[in-house]
Amino acid sequence: MRSHYCGQLTAADIGSTVSLCGWVARRREHGASLAFVDLRDRTGVVQCVVDGSVDVRNEYVLRVTGVVSRRPAGNENAEIATGEVEITECQVEVLSAAEPPPIPLSDRIDVDENQRLRYRYLDLRRDRLQRNLRTRAKVNSVVRQSMEAQGFLEIETPMLIASTPEGARDFVVPSRLKPGSFYALPQSPQLFKQLSMVGGMDRYYQIARCLRDEDLRADRQFEFTQLDAEASFVSGDDVRRFITEAVLAAAEAVTGSRPAFLGDMTWLEAQERFGSDKPDVRFGMELIELTPLFTATEFNAFRAPCVKAVREPGGAGRTRKQLDEMTENAKRWGAKGLVWMRVEEGGTLNSPVAKFLSESELAAIVTATEAQPGDLLYLVADERSVVWHVLGLLRLQLGKPPVNEGGLNFLWVVDFPLFEGVDPETGGPIPAHHPFTMPHPEDIDSLGALGEPVPGSDVLLAARSQAYDLVLNGWELGSGSVRIHRGDVQQRVFELLGIGPEEQQRKFGFLLDAFRFGAPPHAGFAFGIDRLVALLSGEENIREVIAFPKTQSGLDPLTNAPSEIDQKQLNELGLRLLPKA
Ligand code: ASP
């Protein structure tokens, strides 16, 4: 139907007769007898000069045949690629009429989110989504090429499975042939990729869809896409190299230059300096250690396991109301309180708690924080993990740059703890990654001593794992680990997690069986394609890089999913619904 795409015509095409297909982006009358019609397709727009009597309106679908001509002098438009030319002598064929679009299609106008998703097929016509989905396709393509060049084999894993724990709730699918039984949709292909290693596939990858029933956020949808990979006879370093290569190749393909990689940071350092296991290193305001200053203080609140501060340069002008709000936030995040101190001329500290601190303590705070007049200090004293958490969030609130500023700061966070806390319900430890993660070699012995579970003891929580995360500008792009490949170690970790022998057999017997028949040492990783594409596109929300996403409440206003099913289907599945609460 067409000879060219609209957006690709240039002065070099002047004189050619072309046929174009696309949508009417805009119509402007030009005198009594002519009209300008901007015709749009995936590649851009071109101006067509048509007879004023032609009845075409916004979003009509046209086929236009005409001659590429130079625009009259003074009518060029430097903002669009086709701005030097226009199509004249047009024959216009209306392929489809269109009602006036219910949402504006200009990128310059903000549209209600629900309306955008209800009319997503119109929303997709906007430049922003056209651009983002092209970026996404490019990332997928480059990542595939990179993994294949590194010897990885694409293997598809099933969607209807038994549960794979990644710490979220499963989406379940009732079985018709075995009423009363359910499949789970994969939270990840984790167990299948490990089994494919036992199956000798050596290097696996997949651009995999994963489903997790957890609250939606800017960086989280029920279903998301990840580059999932696993390799045998490799170290964690090797895996990080494979993945580094793939993400840098993707970033380069999108931005035109290869970003530097910032290297490895231990989990402990990330927490100590940034109060986060996904540090945003685009800005300073690092957490400053003050604990040793207060070991013998008279001020009880500061005689805590940990005292740290964040310094906000020039923050002294904050109003009392702002400071009260921040204190409220800090309490919501788990702190007992937030202490603020204004740094005045001459370096004196003005603070509600200044009177409880000695001169030398106040002076030591100024020295340790390198405080300058006009700065504001925020201090939290508590358990170390609480201080990290609260000051980490406060730091982001004070200084986080917009998503498209500060370049691309990729880094690896390594040496995660094996367990990240104690489950208040079971009393057992919570795995920081997932239960298939190999403990750190230096800490295996301390686990060895843990034949008996000792939930919550320091030994347990201090044990490091061989898990690592990929972080970009404060977003966790993905996680991976060296895996347990020995049944006895896996059983021990299950036991520590409070998963007894019977449950182990029922849920993971197939994995433990597989380990009995020659399992290679293996390690792997997965990173979120949605998150990577969002950051490469300068988007705050992954919805902007997903063709058909859900709303914040998990609904699809376009197709009305989730929806009720009829009685016949329920009967086939052997399901009876409870009355609505
Ligand atoms: N299965 C993990 C996840 O989806 C990634 C991995 O350990 O390879 O987060």
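One-based numbering, in listed order, for ligands and for the atoms of each.
- One finds no salt bridge joining Glu252 and Lys138 here, because no Lys/Arg side-chain nitrogen approaches an Asp/Glu carboxylate oxygen to under 4.0 Å.
- The distance from ligand 1 to the heavy atoms of Glu166 drops below 4.0 Å at these ligand atoms: 1 (N), 2 (C), 3 (C), 4 (O), 9 (O).
- Gln226 counts as a contact of ligand 1, since one of its heavy atoms falls under 4.0 Å from the ligand.
- Seen from the ring of Phe152, Arg203 counts as a face-on cation partner, given the 6.0 Å and 45° thresholds.
- With a 4.0 Å cut-off on non-hydrogen atoms, Ser188 touches ligand 1 through its side chain and not its backbone.
- Heavy atoms of Arg212 come nearer than 4.0 angstrom to ligand 1 in at least one pair.
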Evaluation steps, salt bridge (Lys or Arg N to Asp or Glu O under 4.0 Å), between Asp556 and Lys550:
CA-CA 5 Å; Asp556 177 8; Lys550 306 272 187 293; 5.2 Å; no
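- Cation-pi contact between Arg240 and Tyr468: present, with separation from the ring centre below 6.0 Å and deviation from the ring axis of at most 45°.
- Remark: ligand 1 and Glu230 share no N or O pair separated by less than 3.5 Å (distance only, no angle test).
- Annotation: Gln187 places no N or O atom under 3.5 Å from an N or O atom of ligand 1; distance criterion only.
- Taking every heavy atom of Ser479 and a limit of under 4.0 angstrom, the matching atoms of ligand 1 come to 5 (C), 6 (C), 7 (O), 8 (O).
- A cation-pi contact, defined as under 6.0 Å to the ring centre and within 45° of the axis, is absent between Arg531 and Phe224.
- Taking the six-membered ring wherever Trp is involved, the centroid distance between the rings of Phe508 and Phe436 falls below 6.0 Å.
- An N or O contact shorter than 3.5 Å links Gln190 to ligand 1 by distance.
- For ligand 1 and Phe525, the ligand atoms under 4.0 Å from any heavy atom of the residue are 8 (O).
- Close contacts between ligand 1 and Arg483 involve ligand atoms 6 (C), 7 (O), 8 (O) [criterion: under 4.0 Å to a heavy atom].
- For Trp388 and Trp333, the ring centers sit 6.0 Å or farther from each other.
- Ligand 1 has no nitrogen or oxygen under 3.5 angstrom from a nitrogen or oxygen of Ser481.
- Interface atoms of ligand 1 facing Lys193, defined by a heavy-atom separation under 4.0 Å, are 6 (C), 8 (O).
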One pair to check against salt bridge (Lys or Arg N to Asp or Glu O under 4.0 Å): Arg136 and Asp530. What are the steps and the verdict?
CA-CA 8 Å; Arg136 186 180 181 113; Asp530 313 275; 3.0 Å; yes
